[in-house]
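What you see is a predicted model, and the numbers here were worked out from it, not measured in a lab.
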Amino acid sequence: MKVNRKILVVDDKGMNRYMLGGIFRDHYEIVEAGGGLEAIELLEKEKDELAVVLLDIIMPGMDGFGVLEYMKEKDMLEQIPVVIVTDDSSEATSVKAFEYKVADMVIKPFEPRIIKRRVQNIIELYAYKNEACQS
């Protein structure tokens, strides 16, 4: 089973990108975007190498839902799992995110060991699913 080794962390706050990247840096290459438009550029460039996207919803300019809409239009959501990592715990945001078929949603502040295990499970599940679809 081939598991991609890059994680795209999208958050407008550098400290959040640093903290999330630090959780996974030992096993993955971390690619960072400070906003939605930068995330789209990186998605186009790195889409075949990404194991997962860790995506904030609330960002100036293009928010996380704009990124999800782009990924939906480009049929990326079936191949690249997205985990929403956000301060917004509202039901409306959760419902909207899961309508895009995101893999999971984690509310900040998070426990690093828990997000690490959840994201690792998602990466393995998608790698297995993508391999099965190619067979």
Evaluation steps, side chain to side chain contact (heavy atoms under 4.5 Å, CB included), between Ile58 and Thr93: CA-CA 10 Å; Ile58 305 167; Thr93 295; over 6 Å; no
Straight-line distance of Tyr126 OH to Gln79 CD, nearest 0.5 Å: 9.5 Å
Over 12 foreign heavy atoms within 6.0 Å of OH, Tyr18: no
Path from Leu125 to Leu55 over hydrophobic side-chain contacts below 4.5 Å: no
Heavy-atom pair of closest approach, residues Ala39 and Val67: CB-CG2, 4.2 Å
Val9-Val53 co-clustered via ILVMFWY side chain contacts under 4.5 Å: no
Sequence neighbours excluded - salt bridge (charged side-chain N to carboxylate O under 4.0 Å, His left out) pairs with any residue from residues 90-109: Asp11-Lys108, Asp56-Lys108, Asp104-Arg118
Heavy-atom check, side chain of Tyr100 versus side chain of Glu69, under 4.5 Å: yes
Spatial distance of atom CG (Leu54) from atom CZ (Phe110) [nearest 0.5 Å]: 8.5 Å
Pair Asp88, Ser90: side-chain N/O donor-acceptor within cut-off below 3.5 Å: yes
hydrophobic_cluster_shared for Val85 and Val119, side chain cutoff 4.5 Å: yes
Verify same cluster id: Leu42, Ile30 (apolar side-chain graph, 4.5 Å): no
Partner residues of Ala97 under the side chain to side chain contact (heavy atoms under 4.5 Å, CB included) criterion, sequence neighbours left out: Phe65, Ile84, Val102, Met105
Nearest-0.5 Å distance, CG of residue Asp87 to CD1 of residue Ile107: 8.5 Å
From CD1 (Ile57) to CG (Leu68), nearest 0.5 Å: 5.5 Å
Side chain to side chain donor-acceptor pair (under 3.5 Å): pairs with one or both residues in residues 35-45, sequence neighbours excluded: Glu44-Lys47, Glu44-Tyr70
Same apolar cluster: Leu8 and Met71, side chain cutoff 4.5 Å: yes
Met62 CE to Asp12 CG distance, which is reported to the nearest 0.5 Å: 14.0 Å
Distance (rounded to the nearest 0.5 Å) between Met15 CE and Lys13 NZ: 12.5 Å
Derivation and outcome, side chain to side chain contact (heavy atoms under 4.5 Å, CB included), residues Leu20 and Ile115: CA-CA 9 Å; Leu20 281 167; Ile115 194 170; 3.8 Å; yes
Pairwise side-chain contact, Val52 with Tyr28, heavy-atom cut-off 4.5 Å (strictly under): no
Check: Arg5 side chain, His27 main-chain N or O, donor-acceptor pair, under 3.5 Å: yes
Close side-chain approach of Ile7 to Val31, heavy-atom, < 4.5 Å: no
